[in-house]
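Lettering follows sequence order; numbering is per chain, from 1. Fair warning: this is a prediction, and the values are worked out from it, not measured in the lab.
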Amino acid sequence: MSDEPREKPGNFIRDIILEHNASGRFGGTVITRFPPEPNGYLHIGHAKAISIDFGMAREFGGRCHLRFDDTNPTKESQEYVDSIIDTVRWLGFDWGKHLYYASDYFEQLYAWAVQLIEAGKAYVDDLTADEMSEYRGTLTEPGRESPYRNRSIEANLDLFRRMRAGEFEDGTRTLRAKIDMASGNINLRDPVMYRIRKAAHHRTGDAWCIYPMYDWAHGQSDSIEGVTHSICTLEYEDHRPLYDWYLDQLGVHHPQQIEFARLNLSHTIMSKRKLVELVQQGLVSGWDDPRMWTLAGLRRRGYTPEAIRDFAERVGTAKAAKVVDIAFLEHCLREDLNRRADRRMAVLRPLKVVIENYPEGQVGEMEAVNNPEDPAAGSRKVPFSRVLYIEQDDFRDPAPPKYFRLSPGAEVRLRYAYIVKCTGVERDASGQVVTVRCTYDADSRGGDSRGRKVKGTIHWVSASHSIPAEVRLYDHLFSVPKPDDADDWKTVLNPRSLEVVRGARLEPTLAGADRGSRFQFERQGYFCVDARDSAPARLVFNRTVGLRDTWAKIQKGAG
RNA sequence: UGGGGCGUGGCCAAGCGGCUAAGGCGCGGGACUUUGGAUCCCGUAUUCGGAGGUUCGAAUCCUCCCGCCCCAACCA
């Protein structure tokens, strides 16, 4: 990043840890964990959580575990486990040997459940899901106790053992904690600890037919691992009393749960349900569609892990639910790419230019700097010849006010090549300009204006030397900043979120570019070779993000 | 008619009773420029959801009010 480490913004979680360290609550150790459920792909919001979990641990010389909260076999799969591991690693975080699964603790969890039953703190309930919902009460009315609430400890022990043995069908019984059906906090109204699910688990196979609920698994898993700070998002705030209750009943190591506001990004939706819908209904091409803000999507789009980490740190950590402007993510990206991406010339929508006074058959070699931000990146040679392609947008007849590019009679600099002057155009039957005719100033080699005032510089490629490519231009998937606010979020999908440009022409040095490699196409933006669809003989580039475009603003202002 | 949280500029966000309310993004203006990129300047809240109160002094403490978010899966 920058030479001097950016000053870290204040952070209430850090303050809490500092207090713990001062009071000696955890003996000065800091152990955190990132606990994804393997039921989907990670998105940019997870990057913030990962950054906080791993960041706090690193800052205090502790460690962060990667633990899968795999307690619901019907929704989870190995595919998701694999993608999550791959993604967190790609982001640049390392959990060392501390890779865990809640399913590793099933036996211990079962033993602890038996312990709670023996203490009269848990019971087997025969209520159906619907009945249980009815008994639970509402937000404003207390619930009622289940008729099965006061079974004997012996009966509960027996029933629970038989639940595990598979004697009962799915949904017929649950194990519940005996807490308080009248609590204002609904999580405390005798929460379910175990449900029967005769489903194969991606790790434990058929070993179990009862599975622990999140609340029963999570805190205890934290405890087993010696976690000190269990950092999670705001929606778990009213689960904290339950988190604490279980741990207190068991009398085991008791981590501190701390909640922060999850990340919301403008022009996106973070709901897992909606994300799944986008993918399953084919509204996008997959979890890694470059328009997606999943980490897999951002990665394929060309985002760097560094930029994402920088963004995650810079958005801050607080408790107010806010929506961060996606322009900030893009800013962090440009900042990183500007420093690192080599420059190349690529013409997306070619317009033929003939340099009338450049000898036919002659090929010049123009020296082009690879990265003005990084002298060590060196330079390259780009071929120049009589027939070139320039961007259609770089020629206008007549030229609008303040247009610095090419137009009849105007002079412009061809980047790293020569100053040229437009002498005329050729049009087709419909009046469309098909060829621009120019003359060049041989003394301006390299682009030296030699005292003249040449305001415009445009990029170009030599027609016969250039290579073809498909270029995919992306825009926000949603056309409004807050799709969640729309009556129907699917109606605000941006119809122009993907534009495929097939006839692009690239400078020849781009031939053989590796999949995933990133470049700045001068004056246009940052692009990367698509990791999925590109092939040496058929290059496909993704536009990662455009350059800031002051000209576009001027035009917009001019109406 | 419950419980838990949150309200600082267009968007994030510091601030934790006392110098003129940090910083970033965005936006506007200027300088510079062989990317209308980058970089560099300058500007952008007399005020902290509102109203009272405490105090020599409040965004920071108290009271009331207003607004927003989360919770009634055998999901996490």
Side-chain angles (χ1 to χ4, degrees), chain A residues 6-7 9-11 15 35-37 39 69 71-72 74-76 125 127-129 132-133 136-143 170-176 182-189 191-197 210-211 213-215 217-218 232-241 259 261 266 272-273 314-332 334-335 338-339 343 345 368-369 372-373 402-405 413-417 419 444 446-449 454-459 481 520-525 546-554:
Chain A
R6 212 187 312 271
E7 202 172 311
N11 170 336
D15 294 343
E37 183 192 14
N39 70 343
D69 245 333
T71 57
N72 186 354
T74 61
K75 292 186 175 173
E76 300 155 6
D125 196 354
L127 252 28
T128 65
M132 196 181 292
S133 167
R136 188 156 22 238
T138 68
L139 292 179
T140 53
E141 298 157 12
D170 283 13
T172 56
R173 280 180 231 264
T174 57
L175 182 73
R176 293 229 260 168
S183 174
N185 182 343
I186 290 171
N187 293 302
L188 262 20
R189 319 241 264 228
V192 171
M193 294 169 67
Y194 279 94
R195 74 289 213 186
I196 301 171
R197 277 260 198 300
I210 57 171
Y211 290 93
M213 298 290 290
Y214 163 84
D215 289 295
H218 199 88
C232 59
T233 48
L234 251 28
E235 59 267 34
Y236 293 101
E237 215 152 14
D238 32 355
H239 287 245
R240 181 160 23 99
E259 313 84 12
S266 74
K272 209 168 229 177
R273 197 203 91 226
R314 290 218 263 166
V315 288
T317 307
K319 294 195 71 162
K322 300 283 188 65
V323 180
V324 175
D325 193 332
I326 197 166
F328 184 50
L329 208 213
E330 294 171 344
H331 165 80
C332 294
R334 288 193 188 99
E335 200 170 76
N338 175 49
R339 271 189 299 266
R343 274 58 169 171
M345 290 195 284
V369 170
E373 306 295 321
K402 289 194 252 177
Y403 186 77
F404 307 149
R405 282 112 96 146
R413 173 186 298 104
L414 294 178
R415 180 83 159 150
Y416 294 128
I419 307 291
S444 64
D448 184 358
S449 49
V454 179
K455 266 205 117 163
T457 299
I458 64 176
H459 57 93
Q520 182 199 96
F521 287 174
E522 295 228 17
R523 303 204 309 130
Q524 308 200 86
L547 249 28
R548 280 187 58 207
D549 192 348
T550 307
W551 171 240
K553 277 180 198 167
I554 293 170

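In terms of phosphate contacts, A:Lys319 brings no side-chain nitrogen or oxygen within less than 4.0 Å of OP1 or OP2 of B:C12. An OP1 or OP2 oxygen of B:A76 is reached within less than 4.0 angstrom by no side-chain nitrogen or oxygen of A:Lys272. An OP1 or OP2 oxygen of B:G2 is reached within less than 4.0 angstrom by no side-chain nitrogen or oxygen of A:Ser183. The phosphate of B:G3 (OP1 or OP2) has no side-chain N or O of A:Arg189 nearer than 4.0 angstrom. A close approach under 4.0 Å does occur between a side-chain nitrogen or oxygen of A:Arg197 and OP1 or OP2 of B:C75. When the side-chain nitrogen and oxygen atoms of A:Arg195 are compared with OP1 and OP2 of B:A76, one or more of them lie within a distance under 4.0 Å.
Here the closest heavy-atom approach between residue A:Arg415 and residue A:His459 is recorded as CB-CA, 4.4 Å. Between A:Arg314 and A:Phe328, the shortest heavy-atom distance links the atoms CB-CZ, 3.6 Å.
Classification of B:A21 as anti follows from a glycosidic angle more than 90° from 0.
Across all strands shown, B:A72 forms no Watson-Crick or G-U wobble pair with both distances under 3.5 Å. In this entry B:G7 has B:C66 as its Watson-Crick or G-U wobble partner, both defining distances falling under 3.5 Å. As the counterpart of B:U46, no nucleotide is assigned, since no Watson-Crick or G-U wobble pattern has both distances under 3.5 Å. If you check B:A59 for Watson-Crick or wobble pairing at under 3.5 angstrom, you find it has no partner at all.
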Scoring nucleotides 35-44 of chain B by protein non-hydrogen atoms under 4.0 Å (B base, S sugar-phosphate only, - none) yields BBBS------

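For the P atoms, the distance linking B:G3 with B:A14 amounts to 29 Å, nearest Å. Separating the C1' atom of B:C12 from that of B:C71 is a span of 27 Å, rounded to the nearest Å. Using atom P as the reference point in both B:U1 and B:C66, the two lie 14 Å apart (nearest Å). Of the C1' atoms belonging to B:A58 and B:G17, the separation is 6 Å, rounded to the nearest Å. Spacing of C1' atoms, B:G9 relative to B:U47, comes out at 10 Å, to the nearest Å. Comparing the P positions of B:C41 and B:A59 gives an interatomic distance of 31 Å, to the nearest angstrom. Taking the P atoms as reference points, B:G23 lies 11 Å from B:G43, given to the whole Å. B:G49 and B:A13: their P atoms are spaced 14 Å apart (whole Å).
You'll find the side chain of A:Thr174 stays beyond 4.5 Å of the side chain of A:Met213, heavy atoms only. A heavy-atom distance below 4.5 Å is found between the side chains of A:His218 and A:Pro35. A:Pro191 places none of its side-chain heavy atoms less than 4.5 Å from the side chain of A:Asp215.
Within 4.0 Å (heavy atoms only), A:Met132 reaches at least one base atom of the nucleic acid. Base engagement by A:Thr128 is indicated by at least one non-hydrogen atom pair under 4.0 Å involving a base atom.
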Determine whether A:Thr172 and A:Ile196 satisfy the following criterion, side-chain contact (heavy atoms from CB on, under 4.5 Å), listing intermediate values before the conclusion.
CA-CA 8 Å; A:Thr172 56; A:Ile196 301 171; 3.9 Å; yes

Derivation and outcome, salt bridge (Lys or Arg N to Asp or Glu O under 4.0 Å), residues A:Glu237 and A:Lys319:
CA-CA 11 Å; A:Glu237 215 152 14; A:Lys319 294 195 71 162; 2.4 Å; yes

I'd like to know whether A:Arg523 forms a side-chain contact (heavy atoms from CB on, under 4.5 Å) with A:Thr457, so could you lay out the CA-CA distance, the side-chain angles of the two residues, the decisive distance to 0.1 Å, and finally the verdict.
CA-CA 9 Å; A:Arg523 303 204 309 130; A:Thr457 299; 5.5 Å; no

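When the nucleotides B:A13, B:G24, B:A73 are ranked by their closest atom to the side chain of A:His331, B:G24 comes out on top. Of the candidates B:C25, B:A76, B:A72, B:A76 carries the atom nearest the A:His239 side chain, counting heavy atoms from C-beta on.
The distance from atom OH of A:Tyr214 to atom C1' of B:C75 is 12 Å, rounded to the nearest whole Å. Rounded to whole Å, atom P of B:G7 lies 10 Å from atom CG of A:Leu234. Between the CG atom of A:Asn185 and the C1' atom of B:C70 there is a distance of 11 Å, rounded to whole Å.
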Give me, pair by pair, the N or O atoms of the protein and of nucleotides 15-17 of chain B that are less than 3.5 Å apart, along with how far apart they are.
none

